[in-house]
*Asks:* 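Quick one: the structure is below, questions incoming.
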Amino acid sequence: MARPRVPAAPDPAAARLGPLLTRRFFARSVHAVAPELIGATLLFEGVGGVIVEVEAYHHTDPAAHSYGGQTPRNAVMFGPPGFAYVYRSYGIHWCVNVVCEAEGSASAVLIRALEPTHGVDAMRARRGLDDARLLCSGPGKLTHALGITIAANGLPLDLAPFAIHRRRAEPDIVTGPRIGITKAADYPWRFGLRGSKFLSKPFPR
DNA sequence: GTCATGATGATCT
DNA sequence: GATCATCATGACA
């Protein structure tokens, strides 16, 4: 069925930002940080939205980039928490992670989808799309929409151009298996905002 | 709606 | 040479 293409209006409630998340927030287990990022607002140069989908990658996890040890690509994951780890995916896209836990623990949360709330016109221009549901509904899409590239690799998340604001209310969170991986594909380390129209894929029910 | 496929480059064997 | 933490497109139902 061809649904009429109606761009979703930004949720006015989502625009009420909580305080900035500081490095201390990220200095905890990825399994604690990942679900708490759902509902937070990620901005890059003032453009972004509400985080509606993330995945946790722990250094003991065969699917994590850090699993095989430190390399030039994943070096930021081995550094202190509260910094951005950006890598190229499939030779084409950029993906952004937030480094968690402690220096050397090499654990991170992949930001997979946003509900666009800030700078939506800029995102539409970069992506060449109107439908807000498609602007940031995937890890490669959201970096394109926000203008995040390898230049952001290693930048602190609590200073410009990044800002992540704490959520105001406790969201209804769904969990499920992660997307697009072959190793450890059964770990339920994908977290999402239940019922969101801005997910990269629906959660299995 | 589902499914298959090509693009494209760093990393690793 | 194979493997990717992906996306857009086009065939088909």
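Note that the coordinates shown come from a computational prediction; the quantities given were computed from them, not determined experimentally. Chain identifiers are assigned alphabetically (A, B, ...) following the order of the sequence lines, protein sequences preceding nucleic acid strands; residue numbering begins at 1 within each chain.
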*Asks:* Answer yes or no: does atom CZ of F203(A) have more than 12 heavy-atom neighbours from other residues, nucleotides or ligands under 6.0 Å?
*Replies:*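 Yes, the 6.0 Å shell around CZ holds more than 12 heavy atoms from other groups.
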*Asks:* Determine the stems involving DNA chain C; a stem requires 3 or more consecutive pairs of the Watson-Crick or G-U wobble kind, each with both distances below 3.5 Å, and the answer is none if no such run exists.
*Replies:*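 Only these stems qualify: B:1-7 with C:6-12, B:9-12 with C:1-4.
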*Asks:* Considering residues at least two apart in sequence or located in another chain, which fulfil the ring-ring contact (aromatic ring centres under 6.0 Å, His included) criterion with H93(A)?
*Replies:*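 With sequence neighbours excluded, H93(A) shows a ring-ring contact (aromatic ring centres under 6.0 Å, His included) to no residue whatsoever.
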*Asks:* What's R178(A) touching, base or sugar-phosphate or nothing? Going by heavy atoms closer than 4.0 Å.
*Replies:*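 Nothing, no nucleic acid heavy atom in range.
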*Asks:* Just how far, in rounded Å, is P of dC12(B) from OH of Y67(A)?
*Replies:*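 Taking atom P of dC12(B) as the reference, OH of Y67(A) is at 15 Å.
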*Asks:* Between dT5(B) and dT3(C), how many Å separate the two P atoms, rounded to a whole number?
*Replies:*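 The same atom, P, in both gives a distance of 16 Å.
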*Asks:* Quick one: which residue pairs count as a side chain to side chain donor-acceptor pair (under 3.5 Å) with a foot in residues 26-35 of chain A, not counting sequence neighbours?
*Replies:*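 Side chain to side chain donor-acceptor pair (under 3.5 Å) check on residues 26-35 of chain A returns R28(A)-E36(A).
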*Asks:* Between the protein and nucleotides 6-8 of chain B, which nitrogen or oxygen pairs are less than 3.5 angstrom apart?
*Replies:*
| residue | atom | partner | partner atom | Å |
| --- | --- | --- | --- | --- |
| dT8(B) | O2 | Y90(A) | O | 2.2 |

*Asks:* Would you indicate what T71(A) reaches in the nucleic acid, counting non-hydrogen atoms under 4.0 angstrom: base, sugar-phosphate, or nothing?
*Replies:*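 Contact class for T71(A): sugar-phosphate only.
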*Asks:* Between atom CH2 in W94(A) and atom C1' in dA5(C), what is the gap in whole Å?
*Replies:*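 Checked: the CH2 to C1' distance equals 15 Å.
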*Asks:* Y187(A) OH to dA5(C) P: how many Å, rounded?
*Replies:*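 Result: 15 Å.
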*Asks:* Looking only at non-hydrogen atoms, find the nearest pair between M77(A) and V99(A) and report the distance.
*Replies:*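 Minimum heavy-atom contact is O-CG1, 3.8 Å.
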*Asks:* Under 4.0 Å, heavy atoms only, any strand: does K201(A) hit a base, just the sugar-phosphate, or nothing?
*Replies:*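 K201(A): no heavy atom of the nucleic acid under 4.0 Å.
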*Asks:* Tell me, please, which residues at least two apart from S107(A) pass side-chain contact (heavy atoms from CB on, under 4.5 Å).
*Replies:*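 Applying side-chain contact (heavy atoms from CB on, under 4.5 Å) to S107(A) gives V30(A), H58(A), H59(A), E101(A), S105(A).
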*Asks:* Output all residues satisfying side-chain hydrogen bond (donor to acceptor under 3.5 Å, both in side chains) with R88(A), sequence neighbours left out; order by chain, then residue number.
*Replies:*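 With neighbours one apart ignored, the set is empty.
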*Asks:* Between dC7(C) atom P and L135(A) atom CG, what is the distance in whole Å?
*Replies:*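 Distance, rounded to whole Å: 13 Å.
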*Asks:* Of all residues at least two apart in sequence or in a different chain, which pass the side-chain contact (heavy atoms from CB on, under 4.5 Å) check with P19(A)?
*Replies:*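 R166(A), R168(A).
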*Asks:* Rounded to whole angstroms, how far apart are CZ on R112(A) and C1' on dT6(C)?
*Replies:*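 The answer, rounded to whole Å, is 9 Å.
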*Asks:* Protein within reach of the bases, or only the backbone? For nucleotides 8-13 of chain C, mark each nucleotide 5' to 3' as B, S or -, using heavy atoms under 4.0 Å.
*Replies:* S-----
*Asks:* With sequence neighbours excluded, what pairs up with E103(A) under the side-chain contact (heavy atoms from CB on, under 4.5 Å) test?
*Replies:*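 Here the qualifying residues are P80(A).
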*Asks:* Using atom NZ of K183(A) as one end and atom C1' of dC4(C) as the other, report the distance to the nearest whole Å.
*Replies:*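 My rounded result for the distance is 8 Å.
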*Asks:* Between atom CG in D186(A) and atom P in dA5(C), what is the gap in whole Å?
*Replies:*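 Those two atoms, CG and P, are 16 Å apart.
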*Asks:* Roughly, in whole Å, what's the span from NE2 in H58(A) to P in dA5(C)?
*Replies:*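 In whole Å, dA5(C) P lies 18 Å from H58(A) NE2.
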*Asks:* Taking only residues two or more places apart in sequence or in another chain, which ones pass ring-ring contact (aromatic ring centres under 6.0 Å, His included) with F44(A)?
*Replies:*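 F44(A) satisfies ring-ring contact (aromatic ring centres under 6.0 Å, His included) with F162(A) once adjacent residues are dropped.
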*Asks:* With rounding to the closest Å, how many angstrom separate the P atoms on dC3(B) and dA5(C)?
*Replies:*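 Straight-line distance between the two P atoms is 22 Å.
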*Asks:* With sequence neighbours left out, what residues match Y187(A) under ring-ring contact (aromatic ring centres under 6.0 Å, His included)?
*Replies:*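 Partners of Y187(A) under the ring-ring contact (aromatic ring centres under 6.0 Å, His included) test: W189(A).
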*Asks:* Who passes side-chain contact (heavy atoms from CB on, under 4.5 Å) against I173(A), sequence neighbours left out?
*Replies:*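 Scan of I173(A) (side-chain contact (heavy atoms from CB on, under 4.5 Å), adjacent residues dropped) gives P35(A), I38(A), R167(A), P171(A), F191(A).
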*Asks:* So which of L129(A), L114(A), L135(A) actually passes side chain to side chain contact (heavy atoms under 4.5 Å, CB included) with M123(A)?
*Replies:*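 With M123(A) as partner, side chain to side chain contact (heavy atoms under 4.5 Å, CB included) holds for just one option, L135(A).
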*Asks:* Would you mind telling me which of dA5(C), dT6(C), dT11(B) lies closest to the side-chain atoms of R73(A)?
*Replies:*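 For R73(A), the side-chain atoms sit closest to dT11(B).
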